[in-house]
Amino acid sequence: MADVDGKRALITGITGQDGSYLAELLLDKGYEVHGLVRRGSTFGTERIDHLYLDPHLEDARMFLHYGDLTDANSLSRLLWEVRPHEVYNLGAQSHVGVSFENPVYTVDADALGTLKLLEACRQLGEDCPRYYQASSSEMYGKVAEVPQTESTPFHPRSPYGCAKVYGFWQSVNHRESYGMHCSNGILFNHESPRRGETFVTRKITRAATRIALGLQEKVFLGNLDARRDWGFAGDYVEAMWLMVQRDEPGDYVVATGEMHSVREFAEATFGLLDLDWEAHVGTDERYLRPAEVDQLLGDATKAREVLGWTPRTSFAELVEMMVTADLELAKREKALVDAGLGTIEWQTGRPGD
């Protein structure tokens, strides 16, 4: 493996939304990129297939390795093998709703997995890499103040939020106890056409574009009044990289400073397709959280002043970007249905889908 510009980075969660955008960014900057992927019966690399070259080629600069955040041995072995200069811990069980159904696994992966990765980094001694921890606005939960800053107290309201609080403080502890270059990015909600389809924004854009083409009739959601600070994932990964480049590590809120409700997101999405959202959106209590997070709004002043980072994509541009991408996907689905190669029941939008 040849070093490219002398920089190697390891990304956990590289096949996810954020991991794919970060991999693109680092490759564009000349990094050699290594990604941790979990072994499965399917590849699950759709988001990064356009980046991946045959590792036997001399110009290959991205390499995937099997491993798991719950397996300390695989992490330690990979760190010793790759010797990265930078580690970006984006891997997690990241769905808040699922964390209520699978709390133990969520904590094992998101909290203890963070500790295992930090320890694997620390064991490299003088070769200890700079470390980025993907923290979350869900740590604020039942917010103590609006907007939320780096000094706002945490009050998580889900197993996911609790696990992320642990990961945050464990990263701070390794920074203060061992002098490691550990930074926390407290990222508020960030979306894209690569967002998983079970997350509410993508669920809305997928359903609306399918409804527009007659492939679906309704979509069922939970709390339409929940308000979030939504940005574009492609903008946010740049903030991750900037944190790691600083001489001194730190913790930063990454957000747009603008808040919208789920209802507003649905209205904007269906409006782009000339559809009445109220005719197609239903609610179902099964999508409500046991403990609701009513509003999240970030103040990214520190990121702007220290990192020089600002979001470039507006809320309207984000919604349009996602609708445009999902409309093309829906058109391909409809072509298969019209050709008799697919079924209209592929996704019905019924509660539980």
Side-chain angles (χ1 to χ4, degrees), residues 3-14 18-19 21-35 61 75 78-80 82-91 114-115 117-137 139 148-152 154 164-165 167-188 190 231 233-257 298-312:
D3 288 346
V4 178
D5 293 344
K7 281 288 187 77
R8 290 184 303 280
L10 172 66
I11 304 172
T12 71
I14 193 171
D18 293 6
Y21 282 113
L22 179 60
E24 286 181 353
L25 177 74
L26 296 181
L27 288 170
D28 285 344
K29 292 182 178 296
Y31 280 69
E32 177 180 295
V33 175
H34 295 258
R61 290 189 293 119
L75 296 177
L78 180 58
L79 266 293
W80 279 97
V82 174
R83 296 296 177 112
H85 300 93
E86 300 171 4
V87 169
Y88 296 84
N89 185 25
L90 311 186
T114 296
L115 175 58
L117 183 58
L118 283 165
E119 282 294 285
C121 291
R122 185 169 73 90
Q123 289 167 7
L124 292 181
E126 293 182 357
D127 292 332
C128 180
R130 295 189 174 197
Y131 179 92
Y132 170 83
Q133 172 64 20
S135 294
S136 169
S137 59
M139 299 188 305
Q148 293 87 56
T149 70
E150 292 80 7
S151 61
T152 301
F154 299 142
K164 282 296 183 179
V165 169
F168 174 94
W169 285 116
Q170 199 66 65
S171 300
V172 171
N173 184 60
H174 274 65
R175 180 172 72 211
E176 296 179 350
S177 298
Y178 307 117
M180 290 174 58
H181 193 292
C182 297
S183 294
N184 282 288
I186 308 175
L187 271 59
F188 281 64
H190 44 290
D235 293 344
Y236 284 28
V237 297
E238 182 182 7
M240 300 177 188
W241 179 78
L242 289 169
M243 291 177 211
V244 177
Q245 309 317 305
R246 296 284 302 175
D247 290 337
E248 296 295 326
D251 309 316
Y252 299 85
V253 164
V254 180
T256 70
D299 180 352
T301 298
K302 181 180 178 182
R304 182 175 63 251
E305 294 180 349
V306 178
L307 303 178
W309 178 87
T310 56
R312 295 185 297 271

Query raised in the report: Between Arg61 and Tyr31, is there a donor-acceptor pair closer than 3.5 Å when you use the side chain of the first and the backbone of the second?
Result: yes

Requested in this report: Decide yes or no for Glu119 and Leu115: does some side-chain heavy atom of the first lie under 4.5 Å from some side-chain heavy atom of the second?
Outcome: yes

Query raised in the report: Is the distance between the ring centroids of Tyr88 and Trp241 less than 6.0 Å?
Result: no

Query raised in the report: Is there side-chain contact between Arg246 and Tyr252, with heavy atoms separated by less than 4.5 Å?
Result: yes

Query raised in the report: Are side-chain heavy atoms of Leu242 and Val306 found at a separation under 4.5 Å?
Result: no

**Report entry** Residue of the set Arg130, His174, Met243 for which side-chain contact (heavy atoms from CB on, under 4.5 Å) holds with His181
**Finding:** Arg130

Query raised in the report: Taking atom OG of Ser136 and atom CZ of Phe154, what is their separation to the nearest 0.5 Å?
Result: 10.0 Å

Query raised in the report: Do Tyr131 and Ser171 come within less than 4.5 Å of each other through their side chains, counting heavy atoms only?
Result: yes

Query raised in the report: Does any N or O in the side chain of Asp251 come within less than 3.5 Å of the main-chain N or O of Asn184, such that one atom is a donor and the other an acceptor?
Result: yes

Query raised in the report: Quick one: are Arg83 and Leu124 in side-chain contact, heavy atoms under 4.5 Å?
Result: yes

Query raised in the report: Considering only heavy atoms from C-beta outward, does the side chain of Met240 approach that of Leu90 to under 4.5 Å?
Result: yes

Query - Test item: side-chain donor near acceptor, Asn89 and Thr12, under 3.5 Å - result: yes

Query raised in the report: Sub-3.5 Å donor-acceptor pair from the side chain of Arg175 to the main-chain atoms of Cys182, do we have one?
Result: yes

Query raised in the report: With a 4.5 Å limit on heavy-atom distance, are the side chains of Gln148 and Ile186 in contact?
Result: no

Requested in this report: Would you please test Glu86 and Arg8 for salt bridge (charged side-chain N to carboxylate O under 4.0 Å, His left out) and show each step?
Outcome: CA-CA 7 Å; Glu86 300 171 4; Arg8 290 184 303 280; over 6 Å; no

Query raised in the report: Do we see a donor-acceptor contact under 3.5 Å between the side chains of Gln170 and Gln133?
Result: no

Requested in this report: Please tell me if the side chains of Cys128 and Met180 come closer than 4.5 Å, counting only heavy atoms from C-beta onward.
Outcome: yes

Query raised in the report: Can you check whether Pro249's main-chain N or O pairs, donor with acceptor, with Ser183's side chain at less than 3.5 Å?
Result: no

Query raised in the report: Between Phe188 and Tyr236, does the ring centroid distance fall short of 6.0 Å?
Result: no

Query raised in the report: So, Trp80 side chain and Leu75 main chain: donor-acceptor pair closer than 3.5 Å or not?
Result: no

Query raised in the report: So, the side chain of Glu150 versus the backbone of Val253: is there a donor-acceptor pair under 3.5 Å, distance only?
Result: yes

